Amino acid sequence: MDKPKVATASLAGCFGCHMSLLDIDDRILKLIQLVDFDKSPVDDIKKFTDRCAVGLIEGGCANEENVKVLQDFRRHCDLLIAIGECAIMGGLPAMRNGIPVQECLAEAYQKGPTVHNPSQQIPNDPELPLILDRVYPAHEVVKIDYQLPGCPPPADTLWEALVALLNGKPLHLPYELIKYD
Ligand code: SF4
């Protein structure tokens, strides 16, 4: 019988949530007996090859490409799980939300104390995704089915949640597996 498929993405994240997933250590061997990974930085598959039972989303949406990837995940995944504070509420990247985008770009490319940019050009190649006016949590862009908090969520939290959902069981995480830092 075909195994259910899991896809993962890092949007405006730091890959720390993916590192936490790998922190399940030797249970990764059990995980690959339970599921096949589809589109994910874990296996470097760039496009969906099949419908997925679960999609794990790290990071919020900071640019237009993040939005397209998140919408693509919603289309291809039965359950979409926001993992980590960035996906759930924007996280630390959302600290820019109170600052106009032009000011952020000027600080990054023109006026910052470590910037060397004689032309004062702000990158504008059409290949670059446009930055959004603010960082949006995943649930403001698409419907999200579950949120697993933490920065990152502990490996045990990710493991317990994945195993329960893949087995069609309700998600009852014990108090000690819920953290927000
Ligand atoms: S929640 Fe924390 S660990 Fe996860 S992507 Fe955001 S900053 Fe990184």
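Any value given below was found using the heavy atoms of this structure, including those in side chains, with hydrogens, waters and symmetry copies removed. Every number for a ligand or one of its atoms is a count from 1 in the order of the listing. Nothing here was measured: the structure is a model prediction, and the numbers come from that model.
Scored by the ring-ring contact (aromatic ring centres under 6.0 Å, His included) test, H76 finds F48 as partners (sequence neighbours excluded). In this structure, D23 has no side chain to side chain donor-acceptor pair (under 3.5 Å) partners at least two apart in sequence or on a different chain.
Sorted by first and then second residue, the salt bridge (charged side-chain N to carboxylate O under 4.0 Å, His left out) pairs with a member in residues 137-150 read R74-D145, R134-E140, K143-D145; sequence neighbours excluded.
Between P129 and E64, the shortest heavy-atom contact is CA-OE2, 3.6 Å.
Under the 4.0 Å criterion applied to side-chain N and carboxylate O atoms, K46 and D44 are assigned as salt-bridge partners. Salt-bridge check for D36 with K5: failed, with every basic side-chain N at 4.0 Å or more from each acidic carboxylate O.
Taking a cut-off of 2.8 Å, the protein N, O or S atoms nearer than that to atom 2 (Fe) of ligand 1 are C151 SG.
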